[in-house]
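Have a look at the structure below, then the notes.
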2 protein chains.
Amino acid sequence: MNKLSLRDRKKEATAHALAESAYQLALERGLDGFVVEDVVQRAEYSRRTFANHFACKEEAVVMAAMSFDGVEEAEAELAKMPENATPLDVLYRWLKLQFTADLFRKMRTLVSMSQQHPTLEPYILSLFRRLQREAQEALNELFAGRHPEGYTHLLIGAVYGAILPIIDGSLQVQLPGDQVDETPDVVSFDQYLDRSFGYLRDGF
Amino acid sequence: MNKLSLRDRKKEATAHALAESAYQLALERGLDGFVVEDVVQRAEYSRRTFANHFACKEEAVVMAAMSFDGVEEAEAELAKMPENATPLDVLYRWLKLQFTADLFRKMRTLVSMSQQHPTLEPYILSLFRRLQREAQEALNELFAGRHPEGYTHLLIGAVYGAILPIIDGSLQVQLPGDQVDETPDVVSFDQYLDRSFGYLRDGF
DNA sequence: GCGCATAATTGCACAATGGGCAACGATTTG
DNA sequence: CAAATCGTTGCCCATTGTGCAATTATGCGC
């Protein structure tokens, strides 16, 4: 179905390798502990090629840190949903499927990195914006014409807004797959999600 | 009340002058039609000083393009709101007050710029994120303890999400203060806002 | 008003970056 | 198989970011 040409797969592979190298180096030495030259040496590509794929090392690091996997499984699951499911239902299910402990771990790492290096934030936000656009197109396709224009924008925006403060650490929740925190009064991600969708479903 | 020291006002003045120069140059020659050197020459500062205030010219341009004015008037208006106003009411009123034709014109300009130069987008998003945080703190202070944690995050996130597609052009609405478009089937900003807040108030 | 602490501006130097251009090689197309 | 397409690379150079130290302007206690 989604068949990419050999050429495109290779291109993606180099981008992936470069991003991964950048991410590993960021973990090992910190964001300013390495330069693009180090990245391309590790991945065995040229500096020029790096510039063809990424604007800067920050972009590469974020790209690697936020790579989703299991997208196709999730889409298969979503396809199984009942015919009368609402956009809200689909979004809820999608969040439950995609926001795994592993993804949260990645995001946590990225967050703590971006707290020490504010240079990262714009690129994190930019990547999230791209994901948001993709989700929107998917929803628009699923529910084409069934809701007035702007409905999905608002809905996804709300969900995006609900997730963002967790990502950037301004709202502390107990993430799935984490050890139980020393402060047991923080709400769990699932509770937070349920409550949030409650507001969206029934109004504020 | 908000009295800044002379030193701080001067600092802000240089930042403003630099940002303004950058913005003007971007309008005149396009984003890649000038370099930082040009900016500091026009504003009569040194290249080093520019670097003290901004990470790059993109940041400066966005800063200038999105400067809000009339914030204090808006706050005065909000203070007059009835005691039993909900966060939703306050946000609605604030949007009506702040999102003037002038601000929209600025944002439009910035959007068309960022479509030709994707480098801008991360910095636009970053600035918006900062505004979002500020709005959130303001709301949290106003309604301290009256709503569960995450309530304002979700609410402001939704509003943010509703505005964003207008900013970035993926949702076309008739902005206040614009000529009537040649395509009369686009919804007006006020209608869009009312409908959106309807969803938020009554549920999706 | 007089100094001292604080902090902004500046110049300098240098490593790092971004990107145009042309060449080369792998992949795709017909 | 030949031609076209496109990713990778090297070369080059203007531009950028930043640490450091000197200079200048402001804030504050006296």
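All figures in this text were calculated on a predicted structure; none of them were measured in a lab. Lettering of chains follows the sequences in order, A, B, ..., and the numbering in each one begins at 1.
- For CD of Glu44(B), the number of neighbouring non-hydrogen atoms (other residues, nucleotides, ligands) closer than 6.0 Å is 12 at most.
- Ring to ring, Phe99(B) and Phe104(B) are close: their centroids are under 6.0 angstrom apart.
- Side-chain to base pairing of Arg47(A) with dT9(D): no donor and acceptor N or O lie closer than 3.5 Å to each other.
- Comparing dT9(D), dG19(C), dT9(C) against the side chain of Ala51(A) picks out dG19(C) as the nearest.
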Atom pairs under 3.5 Å, N or O on each side, protein against nucleotides 21-23 of chain C: can you list them with distances?
none

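- In the set dT28(C), dT8(D), dT10(C), dT28(C) carries the atom at the smallest distance from any side-chain atom of Leu6(A).
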* Run the numbers on Gln132(B) and Arg129(B) for side chain to side chain contact (heavy atoms under 4.5 Å, CB included), then give the verdict. => CA-CA 5 Å; Gln132(B) 187 181 0; Arg129(B) 179 77 186 120; 3.1 Å; yes

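- In this structure, CG of Leu31(A) is placed 15 Å from P of dG17(D), rounded to the nearest angstrom.
- Side-chain contact between His53(B) and Glu59(B) is absent, with no heavy atoms from C-beta onward closer than 4.5 Å.
- Phosphate contact (OP1/OP2 of dG7(D), side-chain N/O of Lys10(A), threshold under 4.0 Å): absent.
- The two residues Val39(A) and Ala22(A) have their closest heavy-atom pair at CG1-N, 3.8 Å.
- Rounded to whole Å, the distance from NZ on Lys57(A) to C1' on dG18(C) is 15 Å.
- Ring pair Tyr151(B)/Phe143(B): centre-to-centre distance not below 6.0 Å.
- Across the protein-nucleic acid pair, His117(A) atom NE2 and dT18(D) atom P stand 12 Å apart, rounded to whole Å.
- Between the CG atom of Asp8(B) and the P atom of dT9(C) there is a distance of 11 Å, rounded to whole Å.
- In this structure, CG of Asp32(B) is placed 11 Å from P of dT16(D), rounded to the nearest angstrom.
- Closest-nucleotide positions on DNA chain D for Arg7(B) and Val35(B) were compared, and the one nearer the 5' end corresponds to Val35(B).
- The CG atom of Asn52(B) sits 14 Å away from the C1' atom of dT24(D) (whole-angstrom rounding).
- The side chain of His53(B) places no N or O atom within less than 4.0 Å of a non-bridging phosphate oxygen (OP1 or OP2) of dA8(C).
- A heavy atom lying under 4.0 Å from DNA chain C marks the following residues of residues 13-20 of chain B, by number: Thr14(B).
- Nearest-nucleotide positions on DNA chain C place Thr49(B) closer to the 5' end than the other of Thr49(B) and Phe50(A).
- For the side-chain hydrogen bond (donor to acceptor under 3.5 Å, both in side chains) criterion with Ser67(B), the lone passing option out of Lys106(B), His16(B), Glu20(B) is Lys106(B).
- Test Leu139(A), Leu200(A), Leu78(A) against Leu91(A) for side chain to side chain contact (heavy atoms under 4.5 Å, CB included) and you get one pass: Leu139(A).
- Residue Ser46(A) places at least one side-chain N or O closer than 4.0 Å to OP1 or OP2 of dT9(D).
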* To do: Apply side chain to side chain contact (heavy atoms under 4.5 Å, CB included) to Phe204(B) and Thr86(A), showing your working.
  => CA-CA 9 Å; Phe204(B) 281 81; Thr86(A) 67; over 6 Å; no

